[in-house]
Amino acid sequence: MPKQAFTEEVIELLREIPRGMVSTYGGIAALAGNPRAARQVVRVLHAYGEKEKLPWWRVINKQGALSLAPGNGYEEQRDLLEAEGIVFDANGRIDLDRVLWQPDWMNEDG
DNA sequence: AACCTGACTTCGG
DNA sequence: TCCGAAGCCAGGT
């Protein structure tokens, strides 16, 4: 199969994240083929987030927290996530064990 | 081709 | 657990 550009893979993966679930920068990068390319995912969100209508708010960091700073998008992202049913604990963290999304093929037997 | 970006992740204290 | 420093990557200039 032809190897797609990383960016293309990332965009497709982001489109698969269902409402009410989240993924991580590193997780998306890993699914796209390079677990080290988390930062590239950030670039994709900046470069194509809006034009590709990507659910940028469903991408958080591996600590289960939002990477955006208060006053710089944090509230907007949190609002969007809570609107989908995502719950934040007292420390502003999300329980990834509950809402971390992964492609269906990750659950198949093989 | 060198240099820069960026909402990360990992490591050590 | 929290913080700073270093490492990492691919696309854009």
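Order of the sequence lines sets the chain letters (A, B, ...), proteins ahead of strands, with each chain counted from 1.
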task: Mark up nucleotides 8-13 of chain B, 5' to 3', with B wherever a protein heavy atom is under 4.0 angstrom from a base atom, S wherever such an atom reaches only the sugar-phosphate, and - elsewhere.
output: BSS---

- prompt: Which whole-number value in Å describes the distance from L68(A) CG to dG6(B) P?
  reply: 13 Å

query: Taking atom P of dA7(B) as reference, at what distance in whole Å does atom CZ of R93(A) sit?
result: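 Between P of dA7(B) and CZ of R93(A): 21 Å.
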
task: Give the cluster check for L80(A) versus I17(A): same hydrophobic cluster or not, with ILVMFWY residues linked at side-chain heavy-atom distances below 4.5 Å.
output: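 Yes: a chain of side-chain contacts under 4.5 Å links L80(A) to I17(A).
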
- prompt: Starting at the 5' end of DNA chain C and moving along, which residue's nearest nucleotide shows up first, Y48(A) or A37(A)?
  reply: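 Nearer the 5' end of the strand: A37(A).
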
Using distance only, find each side-chain donor-acceptor pair of residues 69-77 of chain A under 3.5 Å and give its atom names and separation, not counting sequence neighbours.
unit_1, atom_1, unit_2, atom_2, d
Y74(A), OH, R78(A), NH1, 3.0
Q77(A), NE2, W57(A), O, 3.0
Q77(A), NE2, V59(A), O, 3.1

message: For N91(A), is there any backbone N or O sitting under 3.5 Å from a side-chain donor or acceptor partner on D89(A)?
response: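 Indeed, once roles are kept as given, a pair shorter than 3.5 Å links the two residues.
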
- prompt: Is there a donor-acceptor contact under 3.5 Å from the side chain of E84(A) to the main chain of G20(A)?
  reply: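 Yes; at least one donor-acceptor contact below 3.5 Å.
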
task: For atom CZ of R15(A), decide whether the heavy atoms of other residues, nucleotides or ligands shown that lie under 6.0 angstrom number more than 12.
output: yes

- prompt: If only side-chain N and O atoms of H46(A) are considered, is one of them under 4.0 Å from the OP1 or OP2 phosphate oxygen of dA7(B)?
  reply: yes

query: Below 4.5 Å, heavy atoms only, C-beta onward: do Y48(A) and V10(A) meet side chain to side chain?
result: no

Heavy-atom check, side chain of I60(A) versus side chain of I94(A), under 4.5 Å: yes

Nucleotide range of DNA chain C lying under 4.0 Å from chain A heavy atoms: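 Here the contact window of chain A covers dC2(C) to dG12(C).
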
- prompt: Rounded to the nearest 0.5 Å, what separation is found between the CD atom of Q102(A) and the CD atom of E16(A)?
  reply: 12.5 Å

